[in-house]
2 protein chains.
Amino acid sequence: MRLSTKGRYAVTAMLDLTLNGNDGPVTLAEISETQGISLSYLEQLFAALRSKQLVKGVRGPGGGYYLGRSADEISIADIICAVDEWVEFTRCGGNRDCHDGKRCLTHNLWDDLSNEIFSFLQSITLAELVERGGLKEHGCRKEQEKDPLMPRADTEAA
Amino acid sequence: MRLSTKGRYAVTAMLDLTLNGNDGPVTLAEISETQGISLSYLEQLFAALRSKQLVKGVRGPGGGYYLGRSADEISIADIICAVDEWVEFTRCGGNRDCHDGKRCLTHNLWDDLSNEIFSFLQSITLAELVERGGLKEHGCRKEQEKDPLMPRADTEAA
DNA sequence: ATAATTACCTAGTTGTTTACTTGGTTATAA
DNA sequence: TTATAACCAAGTAAACAACTAGGTAATTAT
């Protein structure tokens, strides 16, 4: 799993599409204006999204984009995987010798974790995000009153 | 949250440390050999990890690194945040005008999702990963027999 | 038909990040 | 005193991020 700003742009744009796609298609120019993303960069992102059938484009005046399928059938993982190239991390293809299995043990652990992150993001749909106005009640993590917000920007690596 | 290959290297190295740190400190040379990461790159990663007290270095012969605190007190989020600089995504600081609140709505949704991903990774410790030999039983996702493995490398963006 | 509008496409370009190399300096155990 | 390790600084090729420029193709409005 790879989670970069590129993926964020894509998720944000798709979120915009979900929110504003009720009355006709949404133009990239609108998304560019509203979300502060350059038009051509959006075009690149939407080329990837389109190739995965996550969006459908309508040409000509009055055209634009709408979701390729229902918002409850598009997961965050779908979006991120579409724009962020999947990079295989473990270079030991399956069950090689791999330094007496020691290296592969660590790799398997990482793979399990990576799968977990992936299926977590796969379990969140655009519809869920929009309907609930957030994810406060998502999954099994509802009794979490500590509310651990993002760490502040005081993370200066000396 | 940012999840790049750099973070993977760090998690993998910390996993190695957890697995092999029982009998004395582990040298970076060993991790480099076992995990296939260059020594100097490890040094950079461990400089960041050290500044966050996630590891402690012991100099001289017989030296190396061991965990800065107990493996059940180090989360995956801790590790990733230490090496991957935290980048603020939403440039609208808090409650600005922000295009009639429309843009901020999308941003708030993204923030909620981002928080969710973060606290998810924060809920997984090194000890958990190692003890269970994976995460099959983690959290609320135990009845998941479809076992959605990583998407194959057939994600060629046309 | 013609013009405007939009998606769609290709090729750059600048700055940052990755992952690594080289070449050191310090602390410590044998 | 010497080998071993952590620690530190600087540089580098390759990849990536985010953007610009300049198109072509389809569709609607005039």
Side-chain angles (χ1 to χ4, degrees), chain A residues 2-13 17 21 24-33 35-68 80 82-89 91 157-158, chain B residues 2-13 17 20-21 24-33 35-68 80 83-89 91 157-158:
Chain A
R2 181 138 164 232
L3 189 49
S4 63
T5 48
K6 195 178 180 184
R8 290 174 210 218
Y9 276 127
V11 171
T12 302
L17 241 187
V26 182
T27 67
L28 290 189
E30 285 168 342
I31 299 178
S32 170
E33 169 75 15
Q35 302 301 332
I37 311 169
S38 96
L39 181 59
S40 268
Y41 196 41
L42 276 176
E43 282 178 348
Q44 286 180 34
L45 296 179
F46 273 70
L49 293 171
R50 207 175 71 90
S51 77
K52 295 281 161 37
Q53 270 86 42
L54 294 180
V55 295
K56 262 169 84 177
V58 180
R59 287 180 163 189
Y65 282 97
Y66 50 91
L67 294 181
I80 290 174
V83 297
D84 270 325
E85 222 59 31
W86 193 275
V87 275
E88 199 70 32
F89 183 56
R91 337 37 140 88
Chain B
R2 179 135 164 239
L3 188 49
S4 63
T5 48
K6 193 178 180 185
R8 291 174 209 219
Y9 278 125
V11 171
T12 301
L17 241 186
N20 302 114
V26 183
T27 67
L28 291 189
E30 285 167 341
I31 299 179
S32 170
E33 170 73 17
Q35 301 301 330
I37 311 170
S38 96
L39 181 59
S40 269
Y41 195 41
L42 278 174
E43 282 178 346
Q44 285 178 35
L45 296 179
F46 273 70
L49 294 171
R50 207 175 71 88
S51 77
K52 295 281 161 40
Q53 269 86 43
L54 294 180
V55 295
K56 262 168 84 176
V58 180
R59 286 182 163 188
Y65 281 96
Y66 49 91
L67 293 180
I80 290 174
V83 297
D84 270 325
E85 223 60 31
W86 192 275
V87 277
E88 198 71 32
F89 183 56
R91 341 35 142 89

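When reading the values below, keep in mind they use all heavy atoms of this one structure, side chains included, and skip hydrogens, waters and symmetry mates.
For dT18(C), the OP1/OP2 oxygens have a side-chain nitrogen or oxygen of Arg2(B) closer than 4.0 Å. Under 4.0 angstrom from either OP1 or OP2 of dC16(D) there lies no side-chain N or O belonging to Ser4(A). Distances shown here put every side-chain N or O of Tyr65(B) at or beyond 4.0 Å from the OP1 or OP2 atom of dA5(D). A close approach under 4.0 Å does not occur between any side-chain nitrogen or oxygen of Arg8(A) and OP1 or OP2 of dA18(D). In terms of phosphate contacts, Thr5(B) brings a side-chain nitrogen or oxygen within less than 4.0 Å of OP1 or OP2 of dA19(C).
Expressed to the nearest 0.5 Å, how far CZ of Arg2(A) lies from CZ of Arg2(B) amounts to 9.5 Å. Here CD1 of Ile31(B) is found 7.5 Å from CD1 of Ile37(B). Values are rounded to the nearest 0.5 Å. Distance check, rounded to the nearest 0.5 Å: CD of Glu43(A) to CG of Leu28(A) gives 6.0 Å. Rounded to the nearest 0.5 angstrom, Leu3(A) CG and Ile80(A) CD1 are separated by 4.5 Å. To the nearest 0.5 Å, atom CG of residue Leu54(A) and atom CG of residue Leu45(A) are 12.0 Å apart.
Shown here are the ring pair (Phe, Tyr, Trp, His ring centres under 6.0 Å) partners of Tyr41(B), two or more places apart in sequence or in another chain: Tyr9(B). The side-chain contact (heavy atoms from CB on, under 4.5 Å) test applied to Glu30(B) returns Val26(B), Thr27(B), not counting sequence neighbours. Judged as a side-chain contact (heavy atoms from CB on, under 4.5 Å), and not counting sequence neighbours, Gln53(A) has no contacts. With sequence neighbours left out, Ser32(B) forms a side chain to side chain donor-acceptor pair (under 3.5 Å) with no residue at all.
Atom CD1 in Ile37(B) sits roughly 13 Å away from atom C1' in dT18(C) (whole-Å rounding). We find that CG of Leu42(A) is positioned 14 Å from C1' of dA17(D), with the value rounded to whole Å. Between Tyr66(B) atom OH and dA5(D) atom C1' the separation is 14 Å, expressed in whole Å. The nearest whole Å value for the distance from the CG atom in Leu49(B) to the C1' atom in dC7(D) is 14 Å. Nucleotide dC16(D) holds its C1' atom 14 Å from the CG atom of Asp84(B), rounded to whole Å. For Lys6(B) and dC20(C), the NZ to P distance is 13 Å, given to the nearest whole Å.
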Shorter than 3.5 Å, N or O on both sides, protein versus nucleotides 13-16 of chain C: list them out with atom names.
none

Is there any protein nitrogen or oxygen under 3.5 Å from a nitrogen or oxygen in nucleotides 24-30 of chain C, and what are the pairs?
| from | atom 1 | to | atom 2 | distance (Å) |
| --- | --- | --- | --- | --- |
| dT26(C) | O2 | Arg59(B) | NH1 | 3.4 |
| dA27(C) | O4' | Arg59(B) | NH1 | 2.7 |

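Looking only at side-chain heavy atoms (C-beta outward), Val58(B) and Tyr66(B) come within less than 4.5 Å of each other.
Counting non-hydrogen atoms under 4.0 angstrom, Thr27(B) reaches the backbone sugars and phosphates but no base. Contacts of Phe46(B) with the nucleic acid, taken as non-hydrogen atoms under 4.0 Å apart, are absent. Nucleic acid contact class of Leu28(B) (heavy atoms, under 4.0 Å, all strands): sugar-phosphate only.
Both Gly63(A) and Gln44(A) lie close to DNA chain C; mapped to their nearest nucleotides by heavy-atom distance, the more 5′-ward contact belongs to Gly63(A). Nearer to the 5' terminus of DNA chain C, by closest-nucleotide assignment, is the contact made by Lys56(A) (compared with the other of Lys56(A) and Leu39(B)).
Of the listed nucleotides (dC19(D), dA19(C), dT21(C)), dT21(C) has the atom at the smallest distance from the side chain of Ser38(B).
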